[in-house]
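Below, read A as the first sequence line, B as the second, and so on, with proteins coming before strands; counting in each chain starts at 1.
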Amino acid sequence: MIDEKLVIPGEFLGTSEEFTGGKGTFERNGDVYSSITGKVSFEKKTRTIEVDPVTSSPPVPTHGDEIIGKIRSIKDQIALVNIDMLVGNEKREPAVSEVGAIHVSNVSEDYIDNVGDEFNKGDIVKAKVIVDKLGSIDLTTNEPQLGVVSARCTKCGSRLMKEGKKLVCKDCGNTENRKISSDFGKGV
Amino acid sequence: MAKKEKPDQFIDDQSKRIDGREINELREVNIEVGVLERADGSAYIELGDNKIIAAVYGPRELHPRHLQEPDRAIIRYKYSMASFSVGDRKRPGPGRRSKEISKVSKEALESAIFLEKYPKSVIDIFVEILESAAGTRTTCLTAASVALADAGIPMNDLVVSCAAGKVDDEIVLDINELEDNFGDADVPIAMKPNTEDITLLQMDGDLSRDELEKSIETAKQGCKILHEEQKKALKERYGGE
């Protein structure tokens with residue numbers, strides 16, 4: 001039986017009358033082929049055939065994935081984030097070239113006037129993907145484990161420490177406000 | 001290094017070649033998958049005395065941004081020979097030859113990869129020749145496509161590559177160093193084994209039309225044998241049958 005068989009790219013799986021090709025497959029001239037190295041899995045009910053990768057796969061952030069990135073610019077309504085890493089897939093660079101965007105309404109539960117009140121350029125944030133359309137990735141930090149995980153003082157540039165609900169600079173005593181993640185300072 | 005002399009005959013009375021191979025026999029092949037810890041995908045290949053490492057990184061963000069393609073990924077292929085890979089020291093770095101080989105090899109792989117799945121990204125492929133003994137561009141391609149499969153990049157087929165050549169008016173498969181240097185012609189091809197689409201075809205030397213057709217046919221047979229080796233290597237690494 002074809003189920004559980006290890007296949008390589010370009011290997012013939014069956015005709016499209018037999019199967020509907022799912023993930024890890026492609027169709028050519030009415031036949032279904034594997035496009036990756038992986039194990040075949042066959043769903044009897046829907047007659048869908050898929051290939052589950054046995055290799056590592058290029059990490060593409062999709063809806064619900066948590067990402068870690070650096071704030072690259074702040075506007076009134078929006079903070080733009082460079083997506084640097086997918087949580088749970090730390091070994092590979094994410095396969096995206098788009099920047100993520102956090103809208104003010106998605107920063108936290110509270111009313112926020114200005115994104116700049118909660119984030120600063122250069123902060124490392126953990127955020128969740130809520131929209132992954134081609135060409136735009138929308139992020140949210142409206143969950144306790146999401147938000148800033150590392151930040152530097154805007155006055156002197158040294159690392160900020162968490163004290164209660166604020167961030168304090170140990171060097172110059174400056175206090176700053178952020179949407180802090182519960183994972184703040186625990187390392188990425 | 002001592003200069004190698006041209007042999008009196010390339011094919012002896014028993015129709016054996018100078019290294020003892022049959023006319024349509026490949027050199028010994030060995031492919032290993034996943035040899036580099038930090039690369040996204042990698043492969044090591046030995047074909048006769050050729051020793052080559054291929055590494056794949058990406059798809060990843062491409063800088064500078066003006067090189068990005070809005071609807072697909074691009075490939076960067078770097079063919080590079082280590083300075084100690086040949087008899088006399090090779091001056092390291094890119095040259096006219098390696099740049100051209102990189103370009104044609106990149107184009108040979110392009111049609112196999114589903115580039116449209118990763119818009120604006122780049123897939124970096126680096127092949128480093130540690131020891132060379134004729135037929136490196138083809139061997140590099142064979143290794144690079146295994147490394148791409150190891151990186152989990154979706155492809156419609158693996159790419160296999162192999163050369164044929166002409167010595168003593170005879171078409172032979174997978175020419176070795178002496179046959180390359182003193183032989184009459186060299187025809188490297190790359191193809192997608194399942195559809196037999198040819199993605200690279202070069203010719204160095206003079207061949208008649210019939211001889212060229214025979215060379216391509218011979219090289220195709222070699223590609224099929226190499227494809228079995230690629231399959232074997234991937235299945236060995238990921239534990240299938």
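When each of A:P58, A:G38, A:S57, A:P59 is checked for heavy-atom pairs under 4.5 Å with chain B, A:P58 comes out on top. Per-residue counts of heavy-atom pairs under 4.5 Å with chain A were compared for B:H63, B:K117, B:Q68, B:E61; the largest is that of B:E61.
Between B:N156 and A:F26, some side-chain heavy-atom pair lies under the 4.5 Å cut-off. By the 4.5 Å heavy-atom criterion applied to side chains, B:Q230 and A:I8 are not counted as neighbours. With a 4.5 Å cut-off on side-chain heavy atoms, A:E98 and B:K120 count as touching.
For chain A, the nearby part of B:T195 is the side chain; its heavy atoms alone come within less than 4.5 Å. The contact between A:P94 and chain B is made entirely by backbone atoms, counting heavy-atom distances below 4.5 Å. Proximity to chain B (any heavy atom under 4.5 Å) is restricted, for A:S34, to the backbone atoms N, CA, C and O. Proximity to chain A is limited to the side chain of B:F114, based on heavy atoms less than 4.5 angstrom apart. For B:D40, the parts sitting under 4.5 Å from any heavy atom of chain A are the backbone and the side chain alike. Interface remark: B:R237 contributes no atoms to any contact with chain A (heavy atom separation under 4.5 Å). Contacts between A:V54 and chain B at a heavy-atom distance below 4.5 Å involve backbone atoms as well as side-chain atoms. Neither the backbone nor the side chain of B:P70 comes within less than 4.5 Å of any heavy atom in chain A. With a threshold of 4.5 angstrom between heavy atoms, A:V60 approaches chain B through side-chain atoms but not through N, CA, C or O.
Taking a 6.0 Å sphere around CG of B:D49, one finds it holds 12 or fewer heavy atoms contributed by other residues, nucleotides or ligands. Heavy-atom neighbours of B:K103 NZ from other residues, nucleotides or ligands within 6.0 Å: at or below the threshold of 12. The environment of B:E28 atom CD is sparse: at most 12 non-hydrogen atoms of other residues, nucleotides or ligands sit within 6.0 angstrom. Atom NZ of B:K78 is surrounded by 12 or fewer heavy atoms from other residues, nucleotides or ligands within 6.0 Å. The 12-atom threshold is exceeded at NZ of A:K170, counting heavy atoms of other residues, nucleotides or ligands nearer than 6.0 Å. A 6.0 Å sphere centred on NZ of A:K70 holds no more than 12 heavy atoms belonging to other residues, nucleotides or ligands.
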Given B:N194 and A:F12, is the side-chain contact (heavy atoms from CB on, under 4.5 Å) satisfied, shown in steps? CA-CA 9 Å; B:N194 288 306; A:F12 175 75; over 6 Å; no
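Distance OG1/A:T37 to CG/B:L148: 10.0 Å, rounded to 0.5 Å. Atom CD of A:E93 and atom CG of B:D124 lie 9.0 Å apart (nearest 0.5 Å). We find the CZ-CG distance between A:R28 and B:D157 to be 6.5 Å, quoted to the nearest 0.5 Å.
Contact between A:R92 and B:P59 at its shortest, heavy atoms only, is NH2-CD, 4.2 Å.
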